[in-house]
Amino acid sequence: MFAKDTYINRRKALKEKVGSGLLLFLGNDESGANYEDNTYPYRQDSTFLYYFGLPYAGLNAVIDIDNDREIIFGDELSIDHIVWMGNQPTLHEKAQKNGIDITLPGKELKDYLDKAIKAGQKVHTLPTYRPEHQIKLWNLLDIRPGADTPSIDFIRAVVDMRNHKTEEEIKEIERACNVTADMHTTAMKVLRPGMHEYEVVAALEAVATANGCSLSFPTIATINGQTLHNHYHGNIVKPGDMLLVDAGAETEMGYAGDMSSTICADKTFTPRQKTIYDIQVASHIAAVEALRPGVPFLDVYELSASVICAGLKDLGIMKGDPMEAVKAGAHAMFFPCGLGHMMGLDVHDMENLGEVWVGYDGKPKSTQFGRKSLRLARPLEPGFVLTIEPGVYFIPELIDYWKGEGRFKEFINYDELEKWRGFGGIRNEEDYLITSDGARRLGKKIPLTTEEVEALR
Ligand code: GLY
Ligand code: MN
């Protein structure tokens, strides 16, 4: 945990930003995986962690701005808990460490909210993302699941604070990134043809565990890199394959790293693999070089997509003007996802609060295929931490679908594309901090070019 003052100052700033009313924070509870006591790994809600720093189940909190009160609602451990889980500081002691002096039993929260509503106070809530949050809102505020109306003032205030990382947060993110980088270089060193994908997963996840970290999201390690979020690990890696790895560490405090790499199964890439890999790297480097405050990330996305289109045009797979192809949406045949996303306490930071607020500053998102998956588009500001992860993918089902509909024939040469249909996919991903005049990569460098990867093979 950070020092007490960090949490006190964050709450003070939040109160000033929202101005009035009562802010309700729903913590996360334990969740049974296949029966009640066999739980998923516990993860506290990230906004709860950000303002209260308490990574424990069974808590909710209130910041009553109108009456200048900050309260944690939760129950002290019973003797049964202590017998099974060992003794611990009391909830009151834990809360005091982060500058909260009032703790009340969990069941008193409803009473507190009832009185606030009777007194005419506005209760601000955040969007829900777990069924248990919806049930809590139903019990506490009589809001039926799906009928909640989150407070835009509350969302915007939280997003504005969490989007701008402080020095101490950046240090913690950089620790996650360093462990993440080691996970990737380990995968590059251990991979041998004949291995199962899961053997590589075991080796890289061991690096996270050995550094006191968990995973920031379920590992992707696949020979079918054209499937963007492929979580199957049962294939054998054959000579001539590429293994796409997308994996990250999460520190004990909850901060994430998120990197991707594409590794040749053999000691070197084939000339054909290198051709597409070089296009991905050119797109990646163009994006990184464009990062600076004031530049809309939408422009960086379009630039990186146009570099992919230009590279594919050189191969005869695309035609026409690359930037026109991007504006029309033809690039999405090969790059149907976003270029990157904010990263912090969540790997897709604050996605639960709404991408429109986090990545678009309240402006509407495009509905165009490909572009609609861009999680970040707003002008960049110092303190933003984001990923850069362009990819080049050959998705047979998408090729067939668009070809069947005759889509973008002015930009895509379908006859030439047929020769690449089984190629797979390539993605490389790094994490960046926007500084006052540019951007800084976070964490150790991982191999980016084919030569750099081959040097570890
Ligand atoms: N690394 C997973 C993702 O960005 O979606
Ligand atoms: Mn990512």
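Side chains are part of it too, since the values below use all heavy atoms of this structure and drop only hydrogens, waters and symmetry mates. Each ligand, and each atom within it, is numbered from 1 in the order the structure gives.
When only non-hydrogen protein atoms are considered, atom 3 (C) of ligand 1 lies nearest to His348 NE2, 3.0 Å. The protein non-hydrogen atom at the shortest distance from atom 2 (C) of ligand 1 is Asp246 OD2, 3.5 Å.
The Mn ion (ligand 2) is closest to atom OD2 of Asp258 (considering only N, O or S atoms). If you look at Glu429 and ask which of its N, O or S atoms sits nearest the Mn ion (ligand 2), the answer is OE2. When the Mn ion (ligand 2) is compared with the N/O/S atoms of Glu389, atom OE2 turns out nearest.
His331 pairs in a ring-ring contact (aromatic ring centres under 6.0 Å, His included) with only one of the listed residues (Tyr393, Phe411, Phe369, Tyr301), which is Tyr301.
A cation-pi arrangement, defined by a distance under 6.0 Å to the six-membered ring centre and an angle within 45 degrees of its axis, is absent between Arg378 and Trp357. Note that Lys409 lies outside the cation-pi zone of Tyr414, set by a 6.0 Å cut-off to the ring centre and a 45° limit from the axis. The cationic atom of Arg407 (NZ for Lys, CZ for Arg) lies less than 6.0 Å from the six-membered ring centre of Tyr401 and within 45° of the ring axis.
Close approach to His229 involves these atoms of ligand 1, each under 4.0 Å from a residue heavy atom: 2 (C), 3 (C), 5 (O).
Aromatic ring centroids of Tyr7 and Phe52 lie 6.0 Å or more apart.
Residue contact annotation: His348 places no N/O/S atom under 2.8 Å from the Mn ion (ligand 2).
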- Test side-chain contact (heavy atoms from CB on, under 4.5 Å) applied to Ile317 and Lys419, step by step: CA-CA 9 Å; Ile317 299 172; Lys419 300 178 191 161; over 6 Å; no
